[in-house]
2 protein chains.
Amino acid sequence: MAVDREKFQKLLKEKGLKMTRQRLVVLEVLAENPEQHLTAEDIYERVKVENPDIGLATVYRTVQLLLELELIDRINLDDGFIRYEIGSLDEEEHHRYHHLICLRCGKVSAFQDDMLEALETGVKQALGFQVVDHEVKLYGYCKDCLEKEHK
Amino acid sequence: MAVDREKFQKLLKEKGLKMTRQRLVVLEVLAENPEQHLTAEDIYERVKVENPDIGLATVYRTVQLLLELELIDRINLDDGFIRYEIGSLDEEEHHRYHHLICLRCGKVSAFQDDMLEALETGVKQALGFQVVDHEVKLYGYCKDCLEKEHK
DNA sequence: ATGCTTGCAAAAGGTTTGCATGTAG
DNA sequence: CTACATGCAAACCTTTTGCAAGCAT
């Protein structure tokens with residue numbers, strides 16, 4: 001997935017910010033690794049390959065920026081790291097991704113489901129709470145680990 | 001909600017652990033504050049009232065232990081603190097609690113819904129992933145904040 | 001030129017750990 | 001008595017921040 005530089009620059013300009021090599025490279029790494037749940041350190045390692053001078057602090061500052069621009073999503077798997085992934089380009093699908101976390105091997109996979117929309121409507125009517133985003137994590141055992149266990 | 005000391009001691013004994021004043025007090029604080037989402041520091045402050053000598057490290061060690069015994073649940077609201085609350089005594093209700101997080105005032109409330117059971121069955125059939133626990137967080141604006149905004 | 005950005009290193013802040021002492025069983 | 005548990009302080013580790021130097025516009 002390629003980064004649209006013009007669109008990126010336009011988004012930055014709207015906030016009085018500048019397009020830099022570092023920001024572009026961080027965004028590109030995330031765009032090239034969709035659904036990969038990268039930590040700041042992961043991004044740093046990959047960015048350094050073609051950009052050895054970049055600092056880890058810049059990666060942290062950039063992911064914060066990309067979050068504010070809503071270009072990426074934040075994922076917290078409760079393992080002490082905050083992870084990031086490129087947001088879905090399709091607005092309709094953007095909030096329908098959930099995560100499956102294997103308690104044995106730690107593998108994380110995503111699946112899509114829109115059943116929560118009904119739940120959100122119900123919460124609004126019953127409690128007056130207006131939902132704008134959600135996060136669903138399902139913990140359990142993945143197919144591979146289940147099969148290994150049965151041997 | 002009172003703590004069943006005999007049951008607690010039995011659980012500890014099964015793992016070769018001892019029942020101490022500190023462990024009991026931490027569990028009691030959590031039992032007396034259901035659905036309160038206490039941080040380790042919160043627990044520490046409340047425990048210190050009647051037990052000034054306890055150390056913060058003991059609180060951390062104890063919540064880890066209580067998690068392993070499945071007496072309490074862990075909640076991560078992405079605010080830099082890990083929070084804890086007593087688990088539902090009713091096994092059937094144990095995994096049906098979800099959280100509503102207000103993006104304006106930060107208030108957290110819980111609601112109950114079992115619609116995820118159907119989702120979990122579907123995930124098992126479609127992907128072979130066996131779900132044993134889940135966490136659902138809905139972000140949005142609570143009734144109070146919505147009303148204030150409309151004035 | 002102006003002022004946003006960066007890199008470095010230091011700081012921050014919640015959580016964990018080492019170790020000598022205390023205590024439950 | 002023995003092994004597990006505690007308290008204290010230091011260590012950890014991810015993330016944030018201060019500041020002088022570096023760029024984008």
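Order of the sequence lines sets the chain letters (A, B, ...), proteins ahead of strands, with each chain counted from 1.
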When rounded to whole Å, the CD1 to P distance for the pair A:Ile43 and D:dT15 reads 10 Å
When rounded to whole Å, the CG to C1' distance for the pair A:Leu67 and D:dT15 reads 13 Å
Taking only distance into account, with no hydrogens and no angle test, what donor-acceptor pairs under 3.5 Å do side-chain atoms of residues 31-42 of chain B form with protein atoms, sequence neighbours excluded?
residue : atom : partner : partner atom : Å
B:Asn33 : OD1  : B:Arg46 : NH1          : 2.9
B:Asn33 : ND2  : B:Val29 : O            : 2.7
B:His37 : NE2  : B:His99 : NE2          : 3.1
B:Thr39 : OG1  : B:Glu41 : N            : 3.4
B:Thr39 : OG1  : B:Asp42 : N            : 3.0
B:Thr39 : OG1  : B:Asp42 : OD1          : 3.4
B:Thr39 : OG1  : B:Asp42 : OD2          : 3.1
B:Asp42 : OD2  : B:Thr39 : N            : 2.9

Residues of residues 17-35 of chain A with a heavy atom under 4.0 Å from any atom of DNA chain D, listed by number, are A:Lys18, A:Met19
Note: for B:Leu12 and B:Pro52 on DNA chain D, the residue whose nearest nucleotide lies more 5' is B:Leu12
Taken to the nearest whole Å, OH/A:Tyr44 to P/D:dT16 is 16 Å
B:Lys143 meets the side-chain contact (heavy atoms from CB on, under 4.5 Å) criterion, sequence neighbours left out, with B:Glu147
To the nearest angstrom, the CG-P distance between B:Leu69 and D:dA5 comes to 11 Å
Here the distance between atom C1' of D:dT15 and atom CG of A:Asp42, to the nearest Å, is 15 Å
Sequence neighbours excluded, the answer for side chain to side chain donor-acceptor pair (under 3.5 Å) partners of B:Gln22 is none
In whole angstroms, the gap separating P of C:dT5 from NZ of A:Lys13 amounts to 13 Å
According to a strict under-4.0 Å criterion, is B:Gln9 in side-chain N/O contact with OP1 or OP2 of C:dA24?
no
The residue among A:Thr62, A:Leu66, A:Thr58 that forms side chain to side chain contact (heavy atoms under 4.5 Å, CB included) with A:Arg23 is A:Thr62
To the nearest angstrom, the CG-P distance between B:Asn51 and C:dG22 comes to 17 Å
Taking A:Arg74 first and then B:Asp78, would you say they form a salt bridge - that is, a charged N and a carboxylate O separated by under 4.0 Å? no
The side-chain contact (heavy atoms from CB on, under 4.5 Å) partners of B:Glu50 (sequence neighbours excluded) come to none
Sorted by chain and number, sequence neighbours left out, salt bridge (Lys or Arg N to Asp or Glu O under 4.0 Å) with B:Glu135 holds for A:Lys137, B:Lys137
Computed from five pairs at either end and rounded to 10 degrees, the angle between the axes of the helix from C:dA1-D:dT25 to C:dG25-D:dC1 is 40°
Taken in chain and number order and not counting sequence neighbours, the residues that satisfy side chain to side chain donor-acceptor pair (under 3.5 Å) with B:Arg61 are none
Under a 4.0 Å heavy-atom criterion, the protein footprint on nucleotides 11-17 of chain C, written with B, S and -, is ---SBBB
Whole-Å distance, B:Ile54 CD1 to D:dA5 C1', equals 11 Å
Contacts of B:Lys48 meeting side-chain contact (heavy atoms from CB on, under 4.5 Å) (sequence neighbours excluded), chain-then-number -> B:Tyr44, B:Glu45, B:Ile54
Sorted by chain and number, sequence neighbours left out, side chain to side chain donor-acceptor pair (under 3.5 Å) with B:Lys10 holds for none
Residues passing the side-chain contact (heavy atoms from CB on, under 4.5 Å) test with B:Arg104, sequence neighbours excluded, are B:Cys102, B:Tyr141, B:Cys145, B:Glu149
